[in-house]
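In what follows, chains are A, B, ... by sequence order, proteins preceding strands, each numbered from 1.
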Amino acid sequence: DAKTTQPNSMESNEEEPVHLPCNHSTISGTDYIHWYRQLPSQGPEYVIHGLTSNVNNRMASLAIAEDRKSSTLILHRATLRDAAVYYCILGANSKLTFGKGITLSVRP
Amino acid sequence: KAGVTQTPRYLIKTRGQQVTLSCSPISGHRSVSWYQQTPGQGLQFLFEYFSETQRNKGNFPGRFSGRQFSNSRSEMNVSTLELGDSALYLCASSRGEVPSGNTIYFGEGSWLTVV
């Protein structure tokens, strides 16, 4: 399975944009890039996913590099409720291989 | 639209016993996957069922098994429980097409403690 590399942690200030990076140099042509987040004692929550083009939804934006070897999750205005572990995952089917994720802390 | 429902939410079992966990996917979803989450190993894929057939399997011993019914509901079973099986077991559902841009939705999980 293709692997992703994320920093262990990141801090942000409330109401400021947050850019969470992810490297996936061994991505295959059929791998989608998925982002999930998880709060303590809860199941992972879908954030966004994409294949080649940048994607936007009500929660976030996903910027995918032209060579698809990296991507960035963008939270446009961080809130305290965005503090969570964010997972960048590659998958071509319903099998997701989770890494350790990045822990996002949001300062008031 | 109801989300993925898992039962029971919490349970305690004794070593050597077996346990069955249940998952009801989102209506219309034909794929159900199971994951184990522990502090040491993180989130690990157990298996995936699609239209009552196991389509993918992770690296877990044969004590871990599952099945899917015609209504897409799924159960997973762990036999001969070990202390190390204590974990959060998560069920996820999606429409299931492959290759997939499907959104995968997770339930809240079943917390299993083995004593």
Side-chain angles (χ1 to χ4, degrees), chain A residues 1-9 22 24 27-60 62 64 68 71 73 84-103, chain B residues 3-6 9-10 21 23 25-26 29-51 53-60 66 68 72 74 87-111:
Chain A
D1 293 328
K3 295 284 192 289
T4 63
T5 304
Q6 300 177 257
N8 289 333
S9 62
C22 181
H24 29 79
I27 190 170
S28 72
T30 56
D31 280 335
Y32 281 78
I33 302 161
H34 303 259
W35 282 84
Y36 284 78
R37 69 182 185 183
Q38 188 175 25
L39 297 169
S41 302
Q42 294 188 22
E45 177 188 23
Y46 169 80
V47 177
I48 200 166
H49 75 285
L51 186 61
T52 56
S53 304
N54 294 344
V55 184
N56 300 295
N57 66 21
R58 63 175 181 80
M59 287 183 69
L62 176 60
I64 301 172
R68 301 216 316 133
S71 61
L73 177 70
V85 178
Y86 286 78
Y87 296 98
C88 169
I89 304 155
L90 303 182
N93 52 38
S94 296
K95 175 182 178 181
L96 302 178
T97 302
F98 285 80
K100 295 191 183 306
I102 177 171
T103 300
Chain B
V4 179
T5 305
Q6 292 187 245
R9 288 296 318 279
Y10 305 92
L21 308 177
C23 173
I26 292 172
H29 285 189
R30 297 165 63 191
S31 167
V32 173
S33 305
W34 289 90
Y35 292 80
Q36 181 198 64
Q37 186 171 28
T38 60
Q41 298 297 320
L43 270 152
Q44 293 185 287
F45 172 80
L46 278 157
F47 30 65
E48 181 217 359
Y49 287 86
F50 181 81
S51 294
T53 301
Q54 189 179 87
R55 188 163 67 174
N56 276 300
K57 191 176 188 306
N59 296 322
F60 278 82
Q68 186 180 33
S72 291
S74 176
L88 176 64
Y89 290 88
L90 291 157
C91 171
S93 80
S94 75
R95 295 194 183 282
E97 289 88 6
V98 176
S100 170
N102 301 151
T103 300
I104 299 171
Y105 297 91
F106 284 82
E108 293 298 311
S110 293
W111 288 92

Given that the side chain runs from C-beta out, which part of [X] has a heavy atom under 4.5 Å from chain A: side chain, backbone, both or neither?
X       : value
B:Gln37 : side chain
B:Leu43 : both
B:Phe47 : neither

Reported CH2-to-CD distance for the pair B:Trp111 and B:Gln6, which is rounded to 0.5 angstrom: 11.5 Å
Approximate separation, where rounding is to 0.5 Å, of B:Ser74 OG and B:Leu21 CG: 10.0 Å
Test item: A:Arg68 side-chain N/O and A:Ile33 main-chain N/O as donor-acceptor pair under 3.5 Å: no
Per-residue contact mode, A:Gln38 against chain B (heavy atom under 4.5 angstrom): side chain
Plane angle bin for B:Phe106 and B:Tyr35 - parallel if under 30°, tilted between 30 and 60°, otherwise perpendicular: tilted
